[in-house]
Amino acid sequence: MLDKRYDHKQVEEGRYDKWLKEGYFSMHDLTKTPFSLVIPPPNITGKLHLGHAWNTTLQDIIARYKKMKGYDVLWLPGMDHAGIATQARVMAELRKQGIDTKNLTREQFLKYAWEHKDTFTKTIHEQWKMMGLALDYSHERFTLDEGLSKAVNEVFVRYYNEGLIYKDKRIINWDPVQMTALSNIEVIHKDEEGDFFYFAYPIVGSEDKLIIATTRPETMFADVAIVVNPKDERYKKYIGMKAINPANDEPLIIIADDYVDKDFGTGVMKCTPAHDPNDFLIGQKYHLPMPECMNKDATMNELAKGYVGLDRYVCRAKLVEAIKNKGLLVKIEKIVHAVGHSERSDTVVEPMLSSQWFVKMKPLAKKALEMSKSKEHVEFIPARFEQVFIRWMENLEDWCISRQLWWGHQIPAYYHKVSGELLVSSTPPKDIENYERDKDVLDTWFSSALWPFATLNWLEDSKDYQRYFPTDVLVTAYDIIFFWVSRMIMQSLSLTDKIPFKRVLIHGLVRDEHGKKMSKSAGNGVDPIEVIDKYGVDALRYFLTTISTPGQDIRYSEEKIVASSNYLNKIWNATRYVLTSLEDIKLDGLNIDENLLTSIDSLIILRFNKTLKEVEDAMERYDFNMASTHLYNFVYDDFCSSYLEASKTILRKGEEKVKINTAKVLLKMVTNIIKMIYPYTPFIAETLYLSLPSHLASINLETYPEEISMKLDKNLIKEANLIYSSIFAIRSFKAEQKLRPHDALNLEIAAKFDVSPYASLILKDLLHLGEINVLNEDKLDPSGKNFIFSEAKINLIVKQDDEEITTEINKQLETIEKEILRSKKMLDNPSFLAKAPKALIEKEKEKLAANLSIKEQLVSKLPK
RNA sequence: GGAUACUUAGCUCAGUUGGGAGAGCGUUUCCUUCACACGGAAGAGGUCGUAGGUUCGAUCCCUAUAGUAUCCACCA
């Protein structure tokens, strides 16, 4: 017997362990059609946040739904080693423990890192368990596991041999805190107010000075030239001359290049090839020297005479002061400009000249762009995100993939100790003692890009790979389309010649109540574990996945979690009622007899079929908001408010076999509701399911409800509609007239179809009426209050004076007149008749006729 | 500087091929009736940002415009 209240703790307790033990999520029926998806592997660094909860629940709903629909579902779990993030975190932990990280060897560090990995794996498993995810743990992977590492090495070597991977010295984004190179997309540009320094450069052999502005004076030690536009009349005469760098009094050659914009700033630019990407290009073009003035930790090196060892900003301040003292500081302007920050450490990124490994993106992007135009393309949901993806592809620069870290896939490149010869190989050279391996590791996203196929053992051309690849859907937030989605598509196309997934479901981010992005630093994060503890994971899951439109952000709202929980309580109690009712009824099986259906049975079946279709259509589009809305309306309005209440009369007063039949319909409805809510809220669904009189070992083994195909009598449907509209009309009337709900008024019914005795019984119970008579229309008591429907009229015997009657009828006439006017306006319009769909015209004509008839009857009821 | 999304009831948001505006919360009145007071019944509340256009008909399509948010962008 179910408790009176839905208690989420009781419902969730021990369930998941049982499911895992039974292996419900790892059983694969190879005779079924495969359906696969891979989890976006969470970093082994942090706690689960609401974004994870949302992302994984969406996938869980898909996995559970598809399984119910008869697919062999593989939902593959796994985690990401998250190079920079994890290394930073482990280092911080070690420092906290008082361990000297500066003298740590690579091997020592890796030992700690793997311990950390084990700890966090447990944490993440615990979190997945709390969310109730239908993951197949027998297929779990880790980006640094043996198989994936092998795949990464293989891909690196393959790309290198094809010329897609190369090593080069160029300007990259350098994170001076993490001490590693970054790719372009790991740099976050923030608009910041900064100083724009205008310095005077005295020209050698002239009294003139050139004014040059810069935001980074500390790089001036590495200046090698001054550049002007060749067409700029102001400066033409100085080309080929020299000017004195106010930072170090060194002469700089003045050259000309079209790159310089005459109208920007003073029209004169200084060239610092080793510390600026554009200057680097100019430096290359004119074969300029490329000195560096900074160390890897963004302190100044020996080139910055007098400032050696100082931090870049300290140097900047002192240098500006020194130039000012020389009288060469012209002015300082405040400007707002985009400053690049490291995604992980949030420090200002320093463009630096460095030797790194790169992936040539153009050929990869080309394939991806061709794919997007072909038939076998990745479908983005919502579609607009495909444009985001394409635009990015079209403007790709080469991807810097080497990182100066320890935690990650070490680059399979070897340098000969004597000759310096470079050897790239997935296996170490035989005479390894003569070689030194490249110390760098690969960008985490390089391995993540292989995730959908490498996890299925693509290299070995395994059975899993053949069966489950390409995967069916990928679910992810829009913020990693560039980082991850697009790279998976590119790598997959180039390596497997297939798209990695057929569809991508893009969701948004979870924001706080005020619409702000949740973050640790802002302290506005909501811990899902607390929400789960308070309201249950089902309420959280329902909230996350049913209030949003695809691709749109959601706002966290405790109110809505409460609303979700109340909805679950509603279903809980409806089930409880049905089960209680069944206790007194002896069911002879579960099959519904279509010949014994009452009007309300017929209507609920009709409405169920409609709802099922709507829900399935929405589920197919992954529109969980619409799917749940349809189901919600069915549960509340059609089932609980209407059918369940009306069926009480049948259960109490119905003929034995009719009563049994209605009980079966009730049970069928409740069973189907439980099954349909299951993908969203599996815990409560399982609990309710197991309390049903007939069930399998677990709802996880169930199939999705199917349409109830029965012949439904049209008159019965009409009768049910009459019952419900009568209830509504009379309740409104009583409330408006300030009549007490229990006033036992009498009622007369006149209909153009047969009305069964059950109709009267139901109305009597639900409206607390006195006597009810079904009569011919001409026999109706003329003094009653009429409610006119299109094919029926009911007459409530109530005393009203003429004034009351007139007021009320006029009120009704007013609304009816509006409707009639609207219909007439449409139907009198020849263009409408000529161009509108015929069905619509017919519908409108019918409406008009019905309303005219009602109007006529209302007018006739007006007191003379 | 480009691009996208959003603007609908007091608040937070739905609204699927253009054909009578919806939900949750809040709010008013009534009901502790035998599934549920985490409830039930009946209401109130919106010129669908603004201005044009297309159409027989626009919350929906097009253009412009205002505000908000996000993403992209090497201009010193």
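Heavy-atom basis, side chains included; hydrogens, waters and symmetry copies ignored. Every chain is numbered from 1, with letters handed out A, B, ... down the list of sequences. Keep in mind that this is a model prediction, so the values were computed, not measured.
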Checklist entry - Does a salt bridge link A/Arg621 with A/Asp617, judged by any charged N lying under 4.0 Å from a carboxylate O? => result no

Checklist entry - Taking atom P in both B/C25 and B/A37, what distance in whole Å separates the two? => result 16 Å

Next on the checklist: If only side-chain N and O atoms count, and only distance matters, is there a donor-acceptor pair under 3.5 Å linking A/Tyr556 with A/Glu513?
Outcome noted: no

Checklist entry - Any chance CD of A/Glu394 has more than 12 other-residue heavy atoms, nucleotides or ligands included, within less than 6.0 Å? => result yes

Item to check | Heavy atoms from other residues, nucleotides or ligands near NZ of A/Lys668 exceed 12 (cutoff 6.0 Å) | outcome: no

Next on the checklist: Can you see whether A/Phe264 has A/Lys262 sitting over its ring - NZ or CZ less than 6.0 Å from the centre and within 45° of the normal?
Outcome noted: no

Item to check | Ionic contact status for A/Lys517 with A/Asp553, cut-off 4.0 Å | outcome: no

Checklist entry - Roughly how far, to the nearest 0.5 Å, is CE of A/Met361 from CH2 of A/Trp392? => result 5.0 Å

Item to check | Under 3.5 Å side-chain donor-acceptor pair for A/Tyr643 and A/Asp638 | outcome: no

Polar pairs (N or O, both sides) under 3.5 Å between protein and nucleotides 43-45 of chain B?
| residue | atom | partner | partner atom | Å |
| --- | --- | --- | --- | --- |
| B/G43 | OP1 | A/Ser732 | OG | 3.4 |

Next on the checklist: Need one value for A/Pro351: base, sugar-phosphate or nothing, where a base atom within 4.0 Å counts as base even if backbone is also close, heavy atoms only.
Outcome noted: nothing

Checklist entry - When the P atoms of B/C75 and B/U16 are considered, how many whole Å apart are they? => result 39 Å

Next on the checklist: Please determine whether the number of non-hydrogen atoms from other residues, nucleotides or ligands lying under 6.0 Å from atom NZ of A/Lys648 exceeds 12.
Outcome noted: yes

Next on the checklist: Using atom P in both nucleotides, what's the gap between B/C13 and B/G49 to the nearest angstrom?
Outcome noted: 15 Å

Checklist entry - What does A/Tyr636 touch in the nucleic acid at a heavy-atom separation under 4.0 angstrom: a base, only the sugar-phosphate, or nothing? => result sugar-phosphate

Item to check | Gap in Å between the two C1' atoms, one belonging to B/U7 and one to B/U50, rounded | outcome: 11 Å

Checklist entry - Expressed as a whole number of Å, how far does the C1' atom of B/G24 sit from that of B/A14? => result 10 Å

Next on the checklist: Less than 4.0 angstrom between a side-chain N/O of A/Asn566 and OP1 or OP2 of B/G39, yes or no?
Outcome noted: yes

Checklist entry - Under 3.5 Å, is there a donor-acceptor pair linking the side chains of A/Lys845 and A/Ser823? => result no

Checklist entry - In terms of side-chain heavy atoms, does A/Asp261 have a donor or acceptor partner in A/Asn229 at a distance below 3.5 Å? => result no

Checklist entry - Is the closest side-chain heavy-atom distance between A/Phe624 and A/Tyr680 below 4.5 Å? => result yes

Are there any protein N/O atoms within less than 3.5 Å of an N/O atom in nucleotides 28-33 of chain B, and if so, which ones and at what distance?
none

Next on the checklist: Counting only side-chain heavy atoms from C-beta out, which of B/A5, B/A41, B/C75 sits nearest to A/Arg731?
Outcome noted: B/A41

Item to check | Earlier contact from the 5' end, RNA chain B, for A/Ser831 and A/Val578 | outcome: A/Val578

Checklist entry - Side chain of A/Asp261, base of B/C75: donor and acceptor closer than 3.5 Å? => result yes

Item to check | Aromatic A/Trp399 / basic A/Arg487 pairing, under 6.0 angstrom, 45° off normal | outcome: yes

Item to check | Cation-aromatic face contact A/Lys560/A/Phe543, 6.0 Å, 45 degrees | outcome: no

Item to check | Interatomic distance at C1', B/U47 relative to B/A41, whole Å | outcome: 32 Å

Item to check | OP1 or OP2 of B/C36 under 4.0 Å from side-chain N/O of A/Lys4 | outcome: yes

Taking only nitrogen or oxygen atoms into account, show me every contact under 3.5 Å that the protein makes with nucleotides 12-15 of chain B, one pair per line with its distance.
| residue | atom | partner | partner atom | Å |
| --- | --- | --- | --- | --- |
| B/U12 | O3' | A/Arg555 | NE | 3.2 |
| B/U12 | O2' | A/Lys560 | NZ | 3.4 |
| B/U12 | O2 | A/Lys560 | NZ | 3.1 |
| B/C13 | OP1 | A/Arg555 | NE | 2.6 |
| B/A14 | OP1 | A/Thr549 | OG1 | 3.0 |
| B/A14 | O5' | A/Thr549 | OG1 | 3.0 |
| B/A14 | O2' | A/Asn625 | ND2 | 3.0 |

Checklist entry - Think A/Arg576 forms a cation-pi with A/Tyr6, using NZ or CZ under 6.0 Å from the six-ring centre and within 45 degrees of its axis? => result no

Next on the checklist: Given a 3.5 Å cut-off on both pairing distances, which stems involving RNA chain B, each at least three consecutive Watson-Crick or G-U pairs, are present, if any?
Outcome noted: B:1-7 with B:66-72, B:10-13 with B:22-25, B:27-31 with B:39-43, B:49-53 with B:61-65

Checklist outcome for this item: When A/Phe264 and A/Asn829 are each assigned the nearest nucleotide of RNA chain B, the 5'-most assignment goes to A/Asn829

Item to check | Distance, P atom - from B/A66 to B/G22, rounded to whole angstrom | outcome: 34 Å

Checklist entry - How many Å lie between CD1 on A/Ile841 and C1' on B/G19, as a whole number? => result 11 Å

Checklist outcome for this item: Picking from B/C74, B/C25, B/C36, the nucleotide nearest the side-chain atoms of A/Glu397 would be B/C74

Checklist outcome for this item: Checking B/G19, B/C36, B/A76 against the side chain of A/Lys570 (C-beta onward), the nearest is B/C36

Below 3.5 Å between N/O atoms, which protein atoms pair up with nucleotides 71-73 of chain B? Just atom names and distances, please.
none

Item to check | Nearest-Å distance once atom C1' is located in both B/C48 and B/C61 | outcome: 16 Å

Item to check | Polar contact flag, side-chain donor to acceptor under 3.5 angstrom, A/His341-A/Glu186 | outcome: no

Checklist outcome for this item: Those residues at least two apart in sequence (or on a different chain) that pass side-chain contact (heavy atoms from CB on, under 4.5 Å) with A/Lys570 are A/Tyr636, A/Cys640

